[in-house]
**Q** 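Supplied in structure tokens, the structure appears directly below.
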Amino acid sequence: MNVLVTGGAGYIGSHTCVELIEAGYQPIVIDNLCNSSAKSLQRVQQITGGQIPFYQGDVRDEALLNRIFDENTIGCAIHFAGLKAVGESVEKPLEYYENNLCATMTLCRVMAKRGVKKLIFSSSATVYSGDNEMPLRETSKTGNCTNPYGWTKYMGEQILRDIAKADPAWSVVNLRYFNPVGAHESGLIGEHPNGIPNNLMPYISQTAIGKRDHLNVFGNDYPTPDGTGVRDYIHVVDLAKGHVAAIEYLMQHTGEGVFNLGTGHGYSVLDMVHAFESVNGVKVPYVIAPRRAGDLPTCYADPGKSREVLGWTAGRDQNDMCRDTWNWQSKNPNGYDD
């Protein structure tokens, strides 16, 4: 079956393409490359021996989407494409709302017209309210998002929920990611952020390789075991495998389903720093910086529903995350620019 993968050249998208091919699916990618590299797809083909039809363009381009559906028989879609930097979304809210929501609506409109009504949406734990008790379950309160990026994911879920409610032929899965880290064990594909990384692990690895003088640890006075923020880090390959499990669910169910993709275990910032140093035999200098506005002390998932309904669990541990991150970084000091 052909699977349209929007944003398929990105970090999570490229790893998902590997898992799709290895599970017997054929990914077809559309990506505007605003925060990704076409080299990632070349590397995916190198890893798998498969071929990936690639369309460079924007998901908001309805004419291009129609051409993709004209030229390929699409069975379902995985919608990754979207802007994703929390801080940037605060500075450029209109850009985030226009890009992320219009892309989702355009995709759904074309899919509905073609009678392809199976869609997996790349959502986020940012849709959960900050006043929930831990761990976060799919039934935990959502909304009260702290930034426009989070609101675009919240609204994207709602759009898809309403579409599935209005037309019972639709099958939609909203996957709420926690903190994807790591890289493919080959070291051929991994996270390649533009400019200063927004996420912890690429900042750790860039510091370890000497691209950054030190890591800023934002706050060490949280009510956590070592005072630093605790998050649910999940290996990107496990996350990618969750999408394959979600396709199998889509084929057997209609309506809307929502699932957490996390490990159910929280690690602090300093836990990750020390594990990275220990596993890879490198030093990661860091300084304690003031807290960032909007950061929660602790955030981790209850992945029980994904285990029971999708038959999916995260199989890689903290050491795997740290080892594979460094393997990618050390082999590709400048990411896909090397």
**Q** With the side chain counted from C-beta on, respond yes when Ile204 and Val273 share a heavy-atom pair under 4.5 Å apart, and no when they do not.
**A**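 In short, these two side chains touch, coming nearer than 4.5 Å.
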**Q** Could you walk me through whether Asp324 and His235 pass the side chain to side chain donor-acceptor pair (under 3.5 Å) check?
**A** CA-CA 9 Å; Asp324 293 341; His235 198 294; 2.8 Å; yes
**Q** Are more than 12 heavy atoms from other residues, nucleotides or ligands located less than 6.0 Å from atom CG of Asp213?
**A**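 Not more than 12 within 6.0 Å, no.
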**Q** So with a 6.0 Å cut-off around CD of Glu133, is the heavy-atom count from everything else above 12?
**A**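 12 or below, so no.
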**Q** How many angstroms lie between atom CG of Asn147 and atom OH of Tyr96, to the nearest 0.5 angstrom?
**A**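 So the gap between those two atoms works out to 9.5 Å.
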**Q** Do you reckon Leu64 sits in the same ILVMFWY cluster as Val29, going by side-chain contacts under 4.5 Å, direct or chained?
**A**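 No: no chain of side-chain contacts under 4.5 Å links Leu64 to Val29.
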**Q** Is the closest side-chain heavy-atom distance between Leu200 and Val269 below 4.5 Å?
**A**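 Heavy-atom side-chain distance check passes, below 4.5 Å.
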**Q** Between Asp221 and Arg291, is any pair of side-chain heavy atoms under 4.5 Å apart?
**A**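 Answer yes - side chains close enough.
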**Q** For Gln56 and Asp31, test the side chains for any donor-to-acceptor distance below 3.5 angstrom and give the result as yes or no.
**A**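 No, Asp31 and Gln56 have no side-chain donor paired with an acceptor closer than 3.5 Å.
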**Q** Distance alone, cut at 3.5 Å: any donor-acceptor contact between the side chains of Asn194 and Asn35?
**A**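 The criterion, which ignores hydrogens and geometry beyond distance, is satisfied for Asn35 and Asn194.
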**Q** Please tell me if the side chains of Lys305 and Asn260 come closer than 4.5 Å, counting only heavy atoms from C-beta onward.
**A**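 Contact flag for Lys305/Asn260 side chains = no.
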**Q** Hey, mind stepping through Val116 and Phe69 against side chain to side chain contact (heavy atoms under 4.5 Å, CB included) and telling me if it holds?
**A** CA-CA 10 Å; Val116 180; Phe69 277 83; 3.9 Å; yes
**Q** Is it the case that more than 12 heavy atoms not belonging to Lys165 sit under 6.0 Å from its NZ atom?
**A**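 No, the 6.0 Å shell around NZ holds no more than 12 heavy atoms from other groups.
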**Q** Step by step, work out the side chain to side chain donor-acceptor pair (under 3.5 Å) result for Arg114 and Asn66.
**A** CA-CA 9 Å; Arg114 301 303 181 115; Asn66 277 309; 3.1 Å; yes
**Q** Check each of Ile52, Ile189, Val5 against Leu41 using the side chain to side chain contact (heavy atoms under 4.5 Å, CB included) test, and report the only one that passes.
**A**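 Single side chain to side chain contact (heavy atoms under 4.5 Å, CB included) partner of Leu41 among Ile52, Ile189, Val5: Ile52.
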**Q** Could you tell me if Thr263 and His265 have a donor-acceptor pair between their side chains, going purely by distance under 3.5 Å?
**A**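 Not at all, the side chains of His265 and Thr263 share no donor-acceptor pair under 3.5 Å.
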**Q** Go through Cys108 and Leu119 one step at a time and tell me if the side chain to side chain contact (heavy atoms under 4.5 Å, CB included) criterion holds.
**A** CA-CA 9 Å; Cys108 289; Leu119 177 64; 3.9 Å; yes
**Q** Asn319 and Met321: side chain to side chain contact (heavy atoms under 4.5 Å, CB included), yes or no, with the steps?
**A** CA-CA 5 Å; Asn319 289 345; Met321 299 174 199; over 6 Å; no
**Q** What I want to check is whether the side chains of Tyr336 and Ser40 have a donor and an acceptor closer together than 3.5 Å.
**A**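 Side chains of Tyr336 and Ser40: no pair found under 3.5 Å.
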**Q** Under 4.0 Å between a Lys/Arg side-chain N and an Asp/Glu carboxylate O for Asp271 and Arg231?
**A**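 No salt bridge links Asp271 with Arg231.
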**Q** Does the side chain of His192 pick up a donor-acceptor pair with the side chain of Ser37 at under 3.5 Å?
**A**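 Side-chain D/A pair, His192 to Ser37: absent.
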**Q** Nearest 0.5 angstrom please: Thr298 OG1 to Leu136 CG, how far?
**A**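 One gets 10.5 Å once the value is rounded to the nearest 0.5 Å.
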**Q** State yes or no: do Ile74 and Phe80 share one hydrophobic cluster built from I, L, V, M, F, W and Y residues joined by side-chain heavy-atom distances below 4.5 Å, directly or via other members?
**A**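 Unlinked, Ile74 and Phe80 end up in two clusters.
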**Q** Check this for me, if you would: do Asp238 and Lys241 make a salt bridge, where the nitrogen-to-carboxylate-oxygen distance has to be below 4.0 angstrom?
**A**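 Salt bridge: no.
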**Q** Is the count of non-hydrogen atoms from other residues, nucleotides or ligands lying under 6.0 Å from Glu277 atom CD greater than 12?
**A**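 Count over threshold, so yes.
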**Q** Any link between Val181 and Ile196 through a network of hydrophobic side chains (Ile, Leu, Val, Met, Phe, Trp, Tyr) touching at under 4.5 Å?
**A**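 Both belong to a single hydrophobic cluster.
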**Q** Indicate whether the side chain of Tyr149 and that of Glu88 have a donor and an acceptor atom separated by less than 3.5 Å.
**A**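 No, because no side-chain N or O of Tyr149 sits under 3.5 Å from a partner of the opposite role on Glu88.
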**Q** Could you measure the distance from the CZ atom of Arg67 to the CD1 atom of Ile30? Nearest 0.5 Å is fine.
**A**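 Atom-to-atom, Arg67:CZ and Ile30:CD1 are 9.0 Å apart.
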**Q** Just by distance, no angles: are the side chains of Asn2 and Thr73 close enough, under 3.5 Å, to form a donor-acceptor pair?
**A**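 No donor-acceptor contact under 3.5 Å links the two side chains.
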**Q** Distance from Leu20 atom CG to Met1 atom CE, nearest 0.5 Å?
**A**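 If we round to the nearest 0.5 Å, Leu20:CG and Met1:CE are 8.5 Å apart.
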**Q** What I want to check is whether the side chains of Ser123 and Glu157 have a donor and an acceptor closer together than 3.5 Å.
**A**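 Per modelled atom types, Ser123 and Glu157 side chains form a pair under 3.5 Å.
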**Q** Under 4.5 Å between side-chain heavy atoms, counting indirect links through other Ile/Leu/Val/Met/Phe/Trp/Tyr residues: same cluster for Val258 and Leu250 or not?
**A**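 Each belongs to a different hydrophobic cluster.
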**Q** Is Arg323 salt-bridged to Asp320, going by a charged N under 4.0 Å from an acidic O?
**A**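 Salt bridge flag = yes for Asp320 with Arg323.
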**Q** In the structure I gave you, are the side-chain heavy atoms of Asp167 and Lys117 within less than 4.5 Å of one another anywhere?
**A**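 The answer is yes, as the side chains (C-beta and beyond) meet within the 4.5 Å cut-off.
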**Q** Side-chain contact test, heavy atoms from C-beta onward, threshold under 4.5 Å: evaluate it for Tyr286 versus Thr207 and give yes or no.
**A**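 Tyr286 does not reach Thr207 side chain to side chain.
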**Q** Say you draw a straight line from OG1 of Thr104 to CD1 of Ile159; how long is it, rounded to the nearest 0.5 Å?
**A**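 Between atom OG1 of Thr104 and atom CD1 of Ile159 there are 6.0 Å.
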**Q** Does a side chain donor of either His253 or Ser171 reach within less than 3.5 Å of an acceptor in the other side chain?
**A**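 Ser171 and His253 do not have a side-chain donor-acceptor pair below 3.5 Å.
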**Q** Are more than 12 heavy atoms from other residues, nucleotides or ligands located less than 6.0 Å from atom NZ of Lys283?
**A**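 For Lys283, atom NZ is not crowded (no more than 12 foreign heavy atoms under 6.0 Å).
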**Q** Passes side chain to side chain donor-acceptor pair (under 3.5 Å), Tyr177 versus Ser122? Steps please.
**A** CA-CA 8 Å; Tyr177 309 162; Ser122 167; 3.2 Å; yes
**Q** Do Asn32 and Asp58 have side-chain N/O donor and acceptor atoms under 3.5 Å apart?
**A**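 Result is yes, a qualifying pair exists.
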**Q** With a 4.5 Å cut-off on side-chain heavy atoms, are Lys84 and Ser124 touching?
**A**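 No - every pair of side-chain heavy atoms lies 4.5 Å or more apart.
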**Q** OG1 of Thr16 to NE2 of His243: how many Å apart, nearest 0.5 Å?
**A**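 So the OG1 of Thr16 and the NE2 of His243 are separated by 5.0 Å.
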**Q** Which pair of non-hydrogen atoms, one from Tyr154 and one from Gly143, has the smallest distance, and what is that distance?
**A**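 Smallest interatomic distance, heavy atoms only, reads CE1-N, 3.5 Å.
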**Q** Apply the test side chain to side chain contact (heavy atoms under 4.5 Å, CB included) to residues Ser89 and Leu83: give CA-CA distance (whole Å), side-chain angles for both, the deciding distance (0.1 Å), then the verdict.
**A** CA-CA 8 Å; Ser89 78; Leu83 300 174; over 6 Å; no
**Q** Indicate yes or no: at least one non-hydrogen side-chain atom of Asn174 is less than 4.5 angstrom from one of Arg161.
**A**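 Of all side-chain heavy-atom pairs linking Arg161 with Asn174, at least one is under 4.5 Å.
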**Q** Does the side chain of Tyr128 pick up a donor-acceptor pair with the side chain of Arg176 at under 3.5 Å?
**A**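 Yes, because at least one side-chain N or O of Tyr128 sits under 3.5 Å from a partner of the opposite role on Arg176.
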**Q** Between the side chains of Lys39 and Asp337, is the shortest nitrogen-to-carboxylate-oxygen separation below 4.0 Å, so that they form an ion pair?
**A**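 Lys39 and Asp337: not salt-bridged.
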**Q** Consider only side-chain N and O atoms of Asp317 and Tyr233, and report whether a donor and an acceptor are under 3.5 Å apart.
**A**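 Result is no, nothing qualifies.
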